[in-house]
Amino acid sequence: MTADPRLAKLSLNQRTTERWSVREAVDGCVRAGIPAIGLWREPVAEIGVPAAAKLVADAGLRVSSLCRGGFLTAADDAGRAEALADNRRAIDEAAGLGTDCLVLVVGGLPPGSRDLPGARRRVADALAELAPYAGERGVRLALEPLHPMYCVDRAVLSTLGQALDLAEAFPVAQVGVVVDAFHVWWDPDVWRQIARAGARIASFQVCDFLTPLPADVLLGRGMMGDGHIDFPPLRRAVEAAGYTGDTEVEIFNAEVWATDPDRVLATMVARYVELVLAD
């Protein structure tokens with residue numbers, strides 16, 4: 001791997017190269033000189049945690065995060081029990097992969113429900129059960145607030161402030177937050193909340209916010225420079241708050257997924273240097 005010091009904190013979130021297996025993504029990172037990878041549970045499950053961990057270690061990479069746990073808002077006892085069990089499995093997987101960061105997308109409203117405060121309370125209740133389990137295994141639960149357009153179906157946490165309100169009830173080693181540029185760039189309070197987050201920042205993710213949004217708004221994440229986000233101020237803010245970890249590039253985009261993944265990584269590296277590291 002070419003050791004370009006500018007890439008020392010760059011990580012490929014595996015979903016950016018959606019059609020690559022764990023092995024293919026690891027090999028792609030090596031070719032592109034990217035030293036870290038954020039893994040997803042589904043492709044890891046195809047080969048098993050020990051095999052995935054070995055692939056990463058043998059390549060000289062590190063695992064920046066595991067995506068994802070969460071979906072903690074079920075209103076029925078059976079749904080809550082299954083969510084807790086699945087999140088304990090996710091915590092064990094993160095520990096087995098050697099990452100201390102398990103990203104949580106907390107879940108939206110249960111079908112037919114309009115009780116947003118109730119859904120948020122259930123997230124807090126679930127964290128109270130999961131946080132000690134995670135801490136005992138050296139894993140931190142990283143709450144990811146999502147843009148408000150995902151509140152109904154994906155995340156009842158829409159701002160960094162809301163995520164911190166929940167996280168601060170637990171030790172910093174057990175529960176942190178994700179600062180994802182796509183989800184927080186619009187928030188006029190984000191600068192104060194990043195400073196407030198401090199040591200609770202467990203992950204920093206970047207991609208661009210595209211308009212017009214596609215019909216499936218989940219796929220509205222673009223390569224840096226193709227949308228509207230000014231990345232250096234966000235990077236400087238998380239660094240000023242004390243974050244020293246990796247910057248993951250996480251893109252959900254049909255056109256990016258259809259492009260040759262090696263070309264995607266080459267563009268990603270160039271845009272990261274040009275647009276994220278810029279002063």
Worksheet entry | Co-membership, hydrophobic cluster, residues V139 and V44, 4.5 Å side-chain | yes

Discussion item. Quick check on R196: does its CZ atom have over 12 non-hydrogen neighbours (other residues, nucleotides or ligands) under 6.0 Å away?
Written reply: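 Yes, enclosed.
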
Worksheet item: Would D165 and R120 count as a salt bridge (Lys or Arg N to Asp or Glu O under 4.0 Å) if you check the C-alpha gap in whole Å, the side-chain angles of each, and the deciding distance to 0.1 Å?
Response: CA-CA 11 Å; D165 287 344; R120 289 173 176 151; over 6 Å; no

Got a sec, which residues hit salt bridge (Lys or Arg N to Asp or Glu O under 4.0 Å) with [X], two or more places apart in sequence or on another chain?
X    : result
E18  : none
R15  : none
R6   : D4
E248 : none

Worksheet item: Salt bridge or not for R192 and D187, using N-O below 4.0 Å?
Response: no

Worksheet item: Salt bridge check: are E144 and R154 linked by an N-O gap of less than 4.0 Å?
Response: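 A salt bridge is absent here (no side-chain N lies under 4.0 Å from a carboxylate O).
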
Which pairs would a plain distance check flag for residues 68-76, meaning a side-chain donor or acceptor within less than 3.5 Å of a matching protein atom at least two apart in sequence or in another chain?
residue : atom : partner : partner atom : Å
T73     : OG1  : G108    : O            : 2.5
D76     : OD2  : A78     : N            : 3.4
D76     : OD2  : G79     : N            : 2.7

Discussion item. I'd like to know if the side chain of T16 and the backbone of I251 have a donor-acceptor N/O pair within less than 3.5 Å.
Written reply: yes

Worksheet item: Quick check: does any side chain N or O of D208 sit under 3.5 Å from a backbone N or O of G225, one acting as donor and the other as acceptor?
Response: yes

For [X] and [Y], which heavy atoms make the closest approach, and how far apart are they?
X    : Y    : answer
A163 : L143 : O-CD1, 3.6 Å
T259 : R263 : CG2-CD, 3.9 Å
L55  : I47  : CD1-CD1, 3.7 Å

Practice prompt. For the residue pair W40 and N13, confirm or rule out a side-chain donor-acceptor distance under 3.5 Å.
Written response: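 Distance-only check passes for W40 and N13.
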
Worksheet item: Y150 vs H183 aromatic rings, parallel, tilted or perpendicular, using cut-offs 30° and 60°?
Response: perpendicular

Practice prompt. For E82, enumerate each residue passing the side-chain hydrogen bond (donor to acceptor under 3.5 Å, both in side chains) test, keeping only those at least two apart in sequence or located in another chain.
Written response: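 E82: side-chain hydrogen bond (donor to acceptor under 3.5 Å, both in side chains) contacts with R89.
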
